[in-house]
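Each remark here refers to the structure printed beneath this line.
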2 protein chains.
Amino acid sequence: MLEAELILVKKPMHDQEVPVRQAKRDPRHVTLRDVARQCGMSLTTVSRALNHPEFHKEETVERILSVALELGYNPAYHDSARRLSLRRHGIELLNHQIALVFPQDFAYSNYFRLLFAGIWDVLTPAGFGLVLLKSSSFVSSQLPVSFARGEIDGVIMHVTPSDWYAAITKLREESNFGPRPVMSLLSNSIPGCSSVEVDARCHGYLAVKHLLGLGHRAIMYQIKHIDMQPLWHISERVAGYQQAMQEHGLDPAIHLIPVDIGAAYWEIANEPKQHHLLSALPAVPRSDDHPLLVQLRRHPEVTAVLAHNDASAILIRHVLDFIGIRVPEDMSIIGVDDTDPMLDAEGRNMLTTVRLPLEEAGRLAARELIRQLTDKDESQQESRHFLPTELIVRGSTAPSRR
Amino acid sequence: MLEAELILVKKPMHDQEVPVRQAKRDPRHVTLRDVARQCGMSLTTVSRALNHPEFHKEETVERILSVALELGYNPAYHDSARRLSLRRHGIELLNHQIALVFPQDFAYSNYFRLLFAGIWDVLTPAGFGLVLLKSSSFVSSQLPVSFARGEIDGVIMHVTPSDWYAAITKLREESNFGPRPVMSLLSNSIPGCSSVEVDARCHGYLAVKHLLGLGHRAIMYQIKHIDMQPLWHISERVAGYQQAMQEHGLDPAIHLIPVDIGAAYWEIANEPKQHHLLSALPAVPRSDDHPLLVQLRRHPEVTAVLAHNDASAILIRHVLDFIGIRVPEDMSIIGVDDTDPMLDAEGRNMLTTVRLPLEEAGRLAARELIRQLTDKDESQQESRHFLPTELIVRGSTAPSRR
DNA sequence: TTGTACGCGTTATCAG
DNA sequence: CTGATAACGCGTACAA
């Protein structure tokens with residue numbers, strides 16, 4: 001109670017002094033000419049002193065600078081004039097504005113918020129604004145006007161295999177965006193674009209190797225996204241599974257069992273919309289004939305499941321709970337991403353998973369984009385970066401009973 | 001396996017045809033003059049036909065429009081020229097750019113992502129770009145250049161009681177932002193700004209009334225944020241608690257017990273950074289002398305706890321687990337926000353909570369801002385909107401045993 | 001209904 | 001080292 005009242009009292013009381021919106025904006029803005037007049041110098045000199053001080057006496061520059069400051073000259077305000085003038089000489093200024101294209105309402109998924117956090121982390125301190133775009137509308141409808149206005153300096157995008165071609169074509173065809181840099185972030189590698197990628201083959205390899213080391217011999221893996229989105233890089237990942245198997249002298253065709261657990265088989269709990277996609281998705285299998293259960297009955301030798309990502313892993317565990325299979329005692333589960341926690345009884349994350357360096361990937365993409373925008377020489381260079389992944393062993397995997 | 005290979009094959013093979021970045025941009029841009037020449041008309045006519053078609057014969061307008069289209073005239077590209085020209089007559093164009101000021105790395109909290117989702121939902125289809133700003137740096141350091149350039153049309157912000165004054169002063173003092181509209185979203189009501197608010201008194205009232213109806217008579221409530229941020233509107237909320245008590249003929253001074261569960265008392269599990277603030281915060285009380293436990297020992301009559309928000313509710317539940325107090329059998333818990341699930345054994349959300357219409361609030365703020373930016377007449381009008389809250393009863397509250 | 005003329009504020013060029 | 005000048009492309013008074 002004390003605390004509460006203290007805060008109430010602290011509330012500022014200067015309602016009167018708050019600068020309120022005025023009816024009219026100050027119509028008189030300081031221009032370079034004003035500064036020149038005040039200095040008794042020519043307009044040209046002032047402009048040059050500000051942009052290329054090396055051509056002038058230090059004394060002159062200082063003088064001009066101080067007058068400009070005193071008069072409150074604000075070059076940013078006259079940006080349009082500068083741009084117009086510069087255009088004559090074929091010079092385009094940076095707008096410090098980046099477009100971010102994400103495939104879904106990113107605010108609902110940990111995966112994208114982490115990517116975003118990394119990007120933001122770099123872009124914002126560097127003075128770049130961010131324009132967020134949904135890739136679905138990006139591909140299907142007109143590009144936002146900002147592109148036509150040439151306000152977008154570059155793009156960071158995360159596109160599906162089916163979308164990337166349409167997206168890049170649209171971008172390159174907008175004459176006012178045309179040749180500017182595009183970064184593909186954890187998605188396809190696109191001709192003419194830079195990219196930040198992870199080795200999907202490695203995910204699979206690491207996960208299976210871990211399971212084999214624990215004595216597991218029959219492993220099930222997920223081949224459909226819960227939300228029916230295409231699974232990115234699934235073939236690379238499967239190649240990784242197979243490689244690990246073969247290194248152990250096992251035949252992937254026998255020891256790897258695919259399972260489809262698409263959306264059709266789930267009954268999403270009837271919660272307010274804001275819960276549907278949050279990390280702890282409340283969902284239960286529709287019934288006893290959920291394909292996961294069917295497959296498990298058909299392959300009783302299976303002791304481990306490779307989920308496509310953490311969210312899937314969590315759902316799969318719910319299904320197992322449903323029929324009394326315990327994790328990790330009866331069945332091991334591995335996720336991918338390290339974005340969503342699978343909670344144990346103490347509220348701790350027990351999910352063994354392949355960690356993707358998402359924030360770092362976002363940061364790298366942003367840094368690389370800024371570099372291309374800034375470095376005069378290298379701006380034509382596309383770059384490709386590969387980030388390592390790491391297996392995080394927690395409690396959802398255990399030695400096989402068999 | 002089949003699926004996987006199918007997707008691989010589907011990958012587009014047109015690497016050759018992809019429009020790649022060209023070395024030089026096309027230097028020749030179509031101007032109004034080009035259009036005029038092609039039409040055999042004057043520059044003025046063309047300009048006016050495009051901006052004020054009502055002054056011209058329909059025939060003329062059509063002709064000009066078609067020529068402009070044919071030549072590929074792009075007005076957006078010549079934005080700076082238009083702005084420069086318009087400025088002479090004191091006209092400022094919209095930039096279709098809104099700044100969003102949030103108090104922390106919003107990507108980590110469900111609360112802010114829901115607000116954001118609502119805002120985005122409205123702003124993006126309307127063609128507005130979003131610049132995201134952290135309020136800490138917003139208050140402490142220089143405003144981003146975009147403000148000085150006059151590129152920001154308006155601001156939506158969520159500020160703490162201690163920050164709002166500094167924030168609004170800074171904004172109003174930037175002559176190039178000056179009088180433009182500012183929306184306060186679920187934070188303070190600020191003089192000269194519009195706001196979207198919820199009635200905090202109502203939160204408290206609803207929650208306590210529900211508990212009293214279940215027979216609870218001694219109720220504990222949280223007076224410090226886990227992360228030591230100030231608690232917004234705590235006094236209003238407490239007023240709500242008290243009102244409900246009094247309506248039941250109970251003395252708040254006796255039946256309401258405050259408890260401080262600030263950060264000092266928690267040991268955040270040593271997880272990779274990306275987990276620290278995710279919805280299911282893995283945290284345990286530092287020891288047996290956690291203030292919550294101390295207070296519970298001192299007040300054995302307490303049968304219910306009012307958490308400040310859902311995240312706190314979840315933490316509090318962990319503490320109770322720690323000493324074997326079951327929810328809701330031994331103790332009822334109520335959260336606020338309806339943003340984070342408290343999971344039961346089946347993975348369903350069991351948290352009774354006061355639901356804040358966050359997405360709706362975001363949408364409303366965005367819509368209102370656009371209205372002010374667009375409506376010529378009303379642009380000087382500040383607005384205040386109040387949104388209703390709703391008690392969502394789930395499983396974390398039950399009749400009192402006592 | 002249409003055309004003429006001017007200036008928005010800056011910058012690079014070129015001549016001193 | 002400094003100054004005069006000519007655009008950049010547009011939109012609007014004003015005159016016709």
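Below, chain A is the first sequence line, B the second, and so on; all start at residue 1. Keep in mind the model is a prediction, meaning the values are calculated, not measured.
Between B:Ile156 and B:Val196 the shortest side-chain heavy-atom distance does not fall below 4.5 Å. Counting heavy atoms from C-beta outward, A:Met157 and A:Met183 have side chains that stay 4.5 Å or more apart. Side chains of A:Arg63 and A:His56 form no contact here, defined as non-hydrogen atoms less than 4.5 Å apart.
Residues from residues 80-91 of chain A that place a heavy atom under 4.0 Å from any atom of DNA chain D, listed by number: A:Leu84, A:Ser85, A:Arg88. In the region residues 48-63 of chain A, proximity to DNA chain C at under 4.0 angstrom, judged on heavy atoms, holds for A:Arg48, A:Asn51, A:His52.
Closest contact between the side chain of A:Leu32 and the listed nucleotides C:dT10, D:dC10, D:dG3 involves C:dT10.
D:dG11 atom P lies 12 Å from atom CD1 of B:Ile64, rounded to whole Å. As rounded to whole Å, 14 Å separates atom P of C:dA12 from atom CD of A:Glu92. In this entry the distance linking CG of B:Leu43 with P of C:dC6 reads 15 Å, nearest Å.
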Dump the intermediate steps for side-chain hydrogen bond (donor to acceptor under 3.5 Å, both in side chains) on B:Ser42 and B:Thr45, then the final yes or no. CA-CA 5 Å; B:Ser42 90; B:Thr45 310; 3.0 Å; yes
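For A:Thr44 against D:dA4, a side-chain-to-base donor-acceptor contact under 3.5 Å is present.
Of the charged side-chain nitrogens involved, none lies within less than 4.0 Å of a carboxylate oxygen, so that A:Lys170 and A:Glu173 do not count as a salt-bridged pair.
Between A:Phe112 and A:His158, the ring planes lie perpendicular to each other; the angle is over 60°, past the 30° to 60° tilted range.
Using modelled atom types, no side-chain atom of B:Asn95 and backbone atom of B:Gln97 make a donor-acceptor pair closer than 3.5 Å. With hydrogens and angles ignored, the 3.5 Å screen pairs no side-chain donor or acceptor of B:Arg363 with any backbone N or O of B:Asp121.
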